[in-house]
Protein chains: 2
Amino acid sequence: MEQLKNYFNKLVKLTDQEWADFQACLIKETHAKKAYLLEEGQKCDFIAFIEAGTFRFYHILDGEEIVTAFFFPGDFVTNYRSFLTDNPSDHHIQALQDAIIYKIHKKDLHALYDRYQSIERLGRLIAENLYLTITKRLDSFQHTSPEERYQELINRNSKLLQEVPQYMVASYIGVKPETLSRIRARK
Amino acid sequence: MEQLKNYFNKLVKLTDQEWADFQACLIKETHAKKAYLLEEGQKCDFIAFIEAGTFRFYHILDGEEIVTAFFFPGDFVTNYRSFLTDNPSDHHIQALQDAIIYKIHKKDLHALYDRYQSIERLGRLIAENLYLTITKRLDSFQHTSPEERYQELINRNSKLLQEVPQYMVASYIGVKPETLSRIRARK
DNA sequence: CTTTTTCATTGACCAAAGTCAATAAATCAT
DNA sequence: ATGATTTATTGACTTTGGTCAATGAAAAAG
């Protein structure tokens with residue numbers, strides 16, 4: 001919770017009142033390993049801040065799991081597309097370890113947007129940050145080889161492979177498990 | 001200009017005063033074919049609304065032009081990453097035909113954010129929309145073959161190939177010109 | 001209109017990732 | 001612990017896009 005307050009303070013200074021009202025909307029939840037935070041077909045009506053645990057964001061295409069994102073402590077976890085458009089989610093969000101999150105529902109967040117310009121701004125800054133995040137990922141798909149993407153990923157999160165099965169990492173960097181195995185072998 | 005007002009009205013209702021203040025910040029510019037709206041190394045301190053003309057967003061990597069985006073009438077054209085972070089642009093933005101745009105500078109937009117909550121909200125909605133746009137493009141790189149990306153693109157904009165050279169389209173969908181030529185041949 | 005330059009096509013060959021299949025290693029459940 | 005299941009590795013072969021090079025077509029410049 002302190003972590004979240006610090007994160008927000010880097011973006012916008014909230015008054016005690018604003019923070020209190022925001023905090024009043026947060027719902028603490030725990031999710032066991034393998035539990036689903038969101039399933040395909042459901043509307044994603046929340047954004048959650050991760051206090052502990054890792055999540056994967058994936059869907060099934062032609063019988064095959066495709067991992068689009070991992071979420072770690074300190075990240076926001078949501079299907080932001082579904083959250084924004086109210087369309088049903090095309091992805092599952094699953095805990096890969098026991099997890100603790102703080103959820104805020106869309107209707108509550110929108111009420112806060114209406115009430116406080118500072119929180120409206122926070123919403124803008126969060127959207128802008130998510131834009132920057134996804135831009136980086138698109139860049140890496142456009143400009144780098146699977147091998148480079150693998151290197152980038154483990155540089156950024158060296159303990160990822162201790163936390164998630166290798167075939168999920170393979171999918172995340174856009175190759176088959178066999179190929180990641182070979183990438184790792186030639187080093 | 002009417003086009004822009006209509007676009008905004010779909011997102012947020014602006015009062016006459018708000019719209020007038022916004023409009024006062026807009027700078028109309030014309031750019032001849034092949035002119036640069038932004039060059040690599042410059043900070044992108046603006047967002048522009050396209051009234052007429054097409055732009056490409058590209059950079060040079062290992063001596064080769066890589067096209068990351070096209071912008072059409074009705075779109076916003078900017079290096080949004082540079083705009084948000086104040087980092088120098090890693091891309092050029094070039095007019096592919098004679099073009100007319102309405103530019104707003106970052107400092108003016110931020111002043112409007114401070115003054116009007118409705119425009120702050122507009123900024124959030126624009127960021128959210130750009131997020132959705134780029135997410136779609138990432139999806140298409142993750143899930144579809146170059147052939148499918150080509151089909152998607154010409155379905156969306158059937159006259160694109162009359163407007164831009166084929167090698168730019170090839171780069172945009174992530175293949176070499178020779179490969180796009182072969183994709184087109186096998187149909 | 002003719003020359004030059006740019007752009008598109010085609011062919012032969014190469015490199016990288018995918019596919020299919022077998023096996024080994026690790027993890028999970030009882 | 002042990003047997004079952006899931007995950008990772010390795011090999012042989014295929015597919016797809018990249019590379020290099022030649023040729024043809026179209027567009028721009030004079």
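Below, chain A is the first sequence line, B the second, and so on; all start at residue 1. All figures in this text were calculated on a predicted structure; none of them were measured in a lab.
At whole-Å resolution of the value, CZ in B/R184 and C1' in D/dG17 are 17 Å apart. Protein atom CD1 of A/I66 is 11 Å distant from nucleotide atom P of C/dG18, rounded to whole Å. In this entry the distance linking CD of A/E65 with P of D/dT6 reads 11 Å, nearest Å. In this entry the distance linking CD1 of B/I183 with C1' of D/dT16 reads 10 Å, nearest Å. Atom P of nucleotide D/dT7 and atom CG of A/L96 are separated by 12 Å, given to the nearest angstrom. Spacing between atom CG of A/L180 and atom P of D/dT9 amounts to 8 Å, rounded to whole angstrom units. Nucleotide C/dA17 holds its P atom 8 Å from the CD atom of A/E147, rounded to whole Å. When the C1' atom of D/dG18 is taken as reference, atom CG of B/D62 falls 14 Å away, rounded to whole Å.
If you check the side chains of B/S89 and B/Q42, you find no donor sitting under 3.5 Å from an acceptor. Using modelled atom types, one finds no donor on one side chain facing an acceptor on the other under 3.5 Å when comparing A/E178 with A/S181.
Between B/S181 and C/dA8 there is no side-chain polar atom (N or O) within less than 4.0 angstrom of OP1 or OP2. B/R186 has a side-chain polar atom (N or O) that falls below the 4.0 Å cut-off from OP1 or OP2 of D/dG17.
Relative orientation of the A/Y36 and A/Y58 rings is tilted, given thresholds of 30° and 60° on the angle between their planes. Using bins of under 30°, 30° to 60° and over 60° for the plane-to-plane angle, the ring pair B/F49/B/F76 lands in the perpendicular bin.
For B/E64 and B/K33, each mapped to the nucleotide of DNA chain D holding its nearest heavy atom, the one lying further toward the 5' end belongs to B/E64.
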Please tabulate, one pair per line, all N/O donor-acceptor pairs under 3.5 Å involving side-chain atoms of residues 164-176 of chain A, not counting sequence neighbours.
residue : atom : partner : partner atom : Å
A/Q166  : OE1  : A/R184  : NE           : 3.3
A/S171  : OG   : A/V67   : N            : 2.7
A/Y172  : OH   : A/R137  : NH1          : 3.4
A/K176  : NZ   : A/E64   : OE1          : 3.1
A/K176  : NZ   : A/E64   : OE2          : 2.4

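Following chains of ILVMFWY side-chain contacts shorter than 4.5 Å, one cannot reach B/L96 starting from B/I66, and the two form parts of different hydrophobic clusters. A/F55 and A/L4 fall into different hydrophobic clusters, where Ile, Leu, Val, Met, Phe, Trp and Tyr residues are linked whenever their side-chain heavy atoms come under 4.5 Å apart, directly or through other members. Grouping the Ile, Leu, Val, Met, Phe, Trp and Tyr side chains by contacts below 4.5 angstrom, directly or via other members, places B/I104 with B/L130.
End-to-end axis angle for the helix from C/dC1-D/dG30 to C/dT30-D/dA1, using five pairs per end and rounding to 10°, comes out at 60°.
A side-chain donor-acceptor contact under 3.5 Å links A/E51 to the backbone of A/M1.
Nearest nucleotide to the side chain of A/R182, out of C/dA12, C/dA17, D/dA12: D/dA12. Listed nucleotides D/dG17, C/dC28, D/dA21 differ in distance to B/E178; the shortest reach to its side chain belongs to D/dA21.
Interface residues of residues 152-176 of chain A facing DNA chain D, ordered by number: A/P165, A/Q166, A/Y167; criterion, heavy-atom separation under 4.0 Å.
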